[in-house]
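A quick write-up on the structure given underneath.
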Amino acid sequence: MKQDAVFSRRKFIRAAGVGAALPTVWTQSTASDQEQLQALLAGKESNVWLFTGDSITHGAKHTHGFRSYPEVFAERIRWELKRVRDIVINTGISGNAIPNILSDFDWRVSQFKPAVVSLMIGTNDCARAGMTPVVFEQNLVTIVGKIRDLGAVPILHTPNPIILEKAPERRTLPEYIPVIRNVAEQKQVVLVDHFNHWQNTTDIDVNREWLNDPLHPGPRGHQEMARLLFKTLSIFDPQEATCGGPYYEGEH
């Protein structure tokens with residue numbers, strides 16, 4: 001077992017406050033990823049939360065200067081939840097696909113010794129020459145394994161739906177969504193299913209309100225992504241500003 005993995009698992013035991021009750025031997029299956037995430041959130045030790053992916057995670061251009069979903073997450077964790085010593089890192093790069101992250105894994109992920117690695121990918125993969133859902137699945141399984149080898153907890157995201165008729169080069173994206181869901185289920189990884197959430201939101205025009213172009217979420221879309229992440233991690237509070245709660249301070 002690698003030293004980083006030992007450290008991460010020992011940290012989980014301490015954070016959960018159950019060290020004396022557990023046997024000396026610790027295995028990955030002792031606690032689910034969701035349980036480990038809850039322990040990290042409840043513990044006193046500081047954590048590194050790392051987000052990686054493509055332009056959506058990068059938050060490039062289409063946020064119009066507003067916060068991307070990793071930045072909204074940082075506000076929720078570091079301010080509203082008062083985990084001020086936690087660090088949130090974003091290594092998403094516009095235009096990237098999963099082979100880019102795999103080939104650059106040491107720089108983009110490993111060097112930061114993260115406790116949690118959040119990955120949203122697929123929107124560019126489906127447009128890459130030579131990429132298929134089968135190859136994508138192999139790459140996704142590989143990267144989940146590499147994250148676990150660090151002793152980190154992986155979180156997978158499905159990307160948001162796109163306007164297919166305006167992005168025909170990405171017409172196969174819907175074929176990649178079940179792959180992400182299947183890998184999450186098979187590898188028991190926490191899944192944030194944005195694709196499902198966006199498709200099942202019918203009270204507003206999602207394309208108009210949440211997208212900035214046929215592919216990329218605008219500011220409102222990033223807020224929705226952050227809030228679904230909060231709900232998945234059981235840290236959503238409708239009274240808090242990052243979750244859509246009203247906020248006003250001062251007199252004018």
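To the nearest 0.5 Å, the span separating NE2 on His157 from CG on Leu229 amounts to 5.0 Å. Atom CZ of Arg171 sits about 9.5 Å away from atom SG of Cys126, to the nearest 0.5 Å. Between the CH2 atom of Trp198 and the CG atom of Leu211 there is a distance of 4.5 Å, given to the nearest 0.5 Å. Ile98 CD1 to Gln138 CD: the interatomic distance, rounded to the nearest 0.5 Å, is 11.0 Å. Once rounded to the nearest 0.5 Å, the distance linking CD1 of Ile121 with CG of Asn100 reads 7.5 Å. With rounding to the nearest 0.5 angstrom, the CG atom of Asp213 is 7.5 Å from the NZ atom of Lys61.
The shortest non-hydrogen separation linking Asn124 to Asn96 is ND2-O, 2.7 Å. The two residues Val84 and Arg78 make their nearest non-hydrogen contact at O-NH2, 2.9 Å. Nearest heavy atom pair, residue Leu173 against residue Gly122, reads CD1-O, 3.6 Å. Gly95 and Arg128 make their closest contact through O-NH2, 3.1 Å (heavy atoms, listed as atom of the first residue, atom of the second, distance). Of all heavy-atom pairs between Pro99 and Met131, the closest is CG-CE, 3.8 Å. Taking each heavy atom of Gly59 and Ser68 in turn, the nearest pair found is CA-CB, 3.8 Å.
The environment of CD in Glu185 is sparse: at most 12 heavy-atom neighbours from other residues, nucleotides or ligands sit within 6.0 Å.
Each side chain to side chain donor-acceptor pair (under 3.5 Å) pair with one or both residues in residues 49-59, not counting sequence neighbours, appears once here: Trp49-Asp86, Thr52-Thr91, Thr52-Arg108, Ser55-His216, Thr57-Tyr69.
Checking side-chain atoms of Thr132 against main-chain N and O of Val135 turns up a donor-acceptor pair under 3.5 Å. A donor-acceptor contact shorter than 3.5 Å links the side chain of Arg83 to the backbone of Glu45. In this structure a side-chain-to-backbone donor-acceptor pair under 3.5 Å is present from Arg170 to Thr123. No side-chain donor-acceptor contact under 3.5 Å links Asn139 to the backbone of Phe136. Side-chain N or O atoms of Glu80 include one that pairs as donor or acceptor with a backbone N or O of Thr242 at under 3.5 Å.
For His194 and Trp210, the ring centers are positioned 6.0 Å apart or more.
Using a 4.5 Å heavy-atom cutoff, the side chains of Thr142 and Phe105 are not in contact.
Under 4.0 Å is where a charged nitrogen must lie from a carboxylate oxygen, and between Asp33 and Lys187 no such pair does. For the pair Arg220 and Glu224, the salt-bridge criterion is met [side-chain N within less than 4.0 Å of a carboxylate O].
Test Gln36, Glu35, Gln34 against Gln38 for side chain to side chain donor-acceptor pair (under 3.5 Å) and you get one pass: Gln34.
At a cut-off of 3.5 Å, with distance as the only test, a side-chain donor of Asn200 or Asn196 sits close to an acceptor on the other residue.
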